Amino acid sequence: MGLQRRADLAGAAHLELVSGVVQLRPQDAMVEAMLRGWRAQQAARGLREDTVTARERLVRRFLEYTNEYPWVWTPGHVDEWSLWLTSEKHLAPSTIRSYQGSLRLFSEFLIDGRYGWAVACEDAFGTHPVAICHEWNTIAHLNDYEGRPEARPFTREEIQRFLDYADDQVDRAVSARRKGALAAYRDATLFKVIYGWGLRRTEAAKLDLVDFGRNASAPQFGRYGMLNVRYGKAKKGQPPRRRNVLSVMDWAVEAVADYVENVRPRFGCEDHPALWVTERGGRIKPAEINARFVAYRDALKLPKELVVHSARHAYVTHLTEDGVDRRFIQQQVGHENDSSTAIYTHVSDDFMNTMLHKALAPVLAPTASADKDR
């Protein structure tokens with residue numbers, strides 16, 4: 001009975017292959033059966049549909065690159081592919097490692113004896129898949145942060161210039177009586193919310209009106225005292241992580257309240273749940289946020305290393321400089337580890353000098369007192 005249960009695991013070869021049918025292209029049919037089986041195996045483990053789809057897409061891209069079938073793949077194919085991703089595509093190490101991880105999972109699924117794919121390939125083609133990813137041809141995760149080293153947060157002066165410019169675009173559109181004033185107002189408020197609550201771009205795009213709520217400890221903010229982020233960054237294969245972000249910047253609260261009460265109704269989307277709606281009655285997409293951001297950044301001639309995510313980094317940095325408790329900031333931005341929050345923090349020279357003076361004060365105090373006595 002135990003053997004029977006193992007043989008009937010979701011994704012097993014005998015469940016996906018059609019027996020007694022002669023395929024016109026048996027190799028292609030085997031590949032499709034393998035991918036169906038892998039999809040079934042991942043679904044049985046409770047993985048999200050978008051995770052499964054992204055992994056399958058990656059395997060198909062590797063198939064296209066190698067122009068070989070999985071039972072012919074070797075570690076050398078991974079070596080060549082990884083080098084191509086680095087030298088030709090210029091992908092980040094974290095991205096390449098993620099791709100390699102997906103390939104490793106597919107390869108391990110195929111060679112796992114419980115699913116029977118190696119035996120099926122041996123019977124059909126006289127060969128079988130082997131492990132193609134190992135410690136010598138994959139990238140290890142050694143650092144907490146693997147983003148681009150030039151990436152940094154906005155300075156206070158830069159974020160002020162950026163938000164002022166976004167407001168100016170609203171005034172210009174209204175003065176010229178041209179189409180797009182509502183969208184410009186929406187985007188100006190959206191950027192204030194990203195910075196004012198330390199959000200990721202996708203988190204901001206998926207906000208609904210009902211996500212704002214009251215905070216009994218901050219009644220002065222009314223219904224905007226707390227923001228329920230329902231689509232926080234998920235762990236691989238897991239659903240989005242939710243968190244509550246307390247409002248701390250009164251000017252940001254005033255901006256979103258004005259937008260919700262006086263501007264959003266003019267879009268004519270009363271029945272739409274989204275906080276950020278388009279003039280066509282849909283929800284704004286992350287790519288649209290990025291496009292508007294780049295247009296404003298480039299118009300101001302700000303450094304290109306500044307991206308939408310730089311506003312989130314600036315939120316962490318500026319709260320740190322203002323003396324806000326580190327643990328509180330960590331919870332606000334949804335980091336599990338303090339080390340992640342520390343990576344986000346790029347405090348200014350003035351702040352560092354102030355901290356240095358405070359640190360040295362106990363050491364220098366006796367010397368200063370002795371000098372005074374002389």
Side-chain angles (χ1 to χ4, degrees), residues 153-154 156 159-160 162-164 166-167 170 182 185-234 239-267 269-277 283-284 286 289 293 308-338 340-341 344-345:
F154 281 90
R156 292 179 189 265
I159 194 66
Q160 188 65 60
F162 184 88
L163 297 178
D164 287 346
D167 286 340
V170 181
L182 289 179
Y185 200 110
R186 175 203 63 206
D187 293 341
T189 310
L190 187 153
F191 292 130
K192 292 171 186 173
V193 168
I194 288 177
Y195 172 66
W197 280 267
L199 303 182
R200 299 178 178 91
R201 181 181 57 184
T202 301
E203 292 173 349
K206 292 186 176 182
L207 290 177
D208 285 347
L209 282 168
V210 297
D211 291 334
F212 276 103
R214 298 180 181 275
N215 177 9
S217 299
Q220 69 272 25
F221 294 147
R223 58 164 292 199
Y224 302 99
M226 183 183 298
L227 180 59
N228 180 18
V229 178
R230 293 178 293 115
Y231 290 91
K233 186 176 181 180
R241 287 187 291 172
R242 302 176 67 139
R243 72 179 187 278
N244 288 325
V245 184
L246 303 184
S247 304
V248 296
M249 301 182 185
D250 53 1
W251 60 267
V253 169
E254 293 173 3
V256 74
D258 181 53
Y259 164 78
V260 171
E261 296 162 16
N262 300 314
V263 177
R264 188 187 178 282
R266 298 188 183 186
F267 281 89
C269 303
E270 294 83 1
D271 297 329
H272 201 294
L275 178 61
W276 316 112
V277 291
R283 181 190 296 272
I284 195 170
I289 297 174
F293 174 89
V308 177
H309 206 67
S310 297
R312 175 173 159 87
H313 282 233
Y315 173 85
V316 172
T317 295
H318 299 162
L319 288 186
T320 300
E321 291 182 343
D322 291 340
V324 177
D325 181 76
R326 185 69 155 269
R327 176 62 177 167
F328 174 79
I329 299 174
Q330 179 184 338
Q331 293 176 334
Q332 288 280 92
V333 295
H335 287 158
E336 287 190 330
N337 302 311
D338 180 66
S340 299
T341 308
Y344 269 42
T345 309

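Positions are given from 1, in the same order as the sequence printed here. Not measured: the values here are computed from a predicted model.
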With Arg156 via salt bridge (charged side-chain N to carboxylate O under 4.0 Å, His left out) - residues at least two apart: Glu321, Asp322
Partners meeting side chain to side chain contact (heavy atoms under 4.5 Å, CB included) with Asp167 (sequence neighbours left out): Ala188, Lys192
Qualifying salt bridge (Lys or Arg N to Asp or Glu O under 4.0 Å) pairs, either residue in residues 215-225, two or more places apart: none
Contact summary for Glu261 and Pro265, nearest pair of heavy atoms: O-CG, 3.8 Å
Ring geometry between Tyr259 and Trp276 (parallel below 30°, tilted from 30 to 60°, perpendicular above 60°): tilted
Which residues share a side-chain hydrogen bond (donor to acceptor under 3.5 Å, both in side chains) with Arg243, sequence neighbours left out: Glu203
Working for side chain to side chain contact (heavy atoms under 4.5 Å, CB included), residues Thr189 and Val263: CA-CA 10 Å; Thr189 310; Val263 177; over 6 Å; no
Geometric class of the Phe293/Phe154 ring pair [parallel <30°, tilted 30-60°, perpendicular >60°]: perpendicular
By salt bridge (charged side-chain N to carboxylate O under 4.0 Å, His left out) - contacts of Arg201 (at least two apart): none
Derivation of the side chain to side chain contact (heavy atoms under 4.5 Å, CB included) call for Val248 and Tyr315: CA-CA 11 Å; Val248 296; Tyr315 173 85; 4.1 Å; yes
Qualifying side chain to side chain donor-acceptor pair (under 3.5 Å) pairs with a residue from residues 204-213, counting only residues at least two apart or across chains: Asp208-Arg230, Asp208-Arg283, Asp211-Arg230
Distance flag, aromatic centroids of His318 and Tyr195, threshold under 6.0 Å: yes
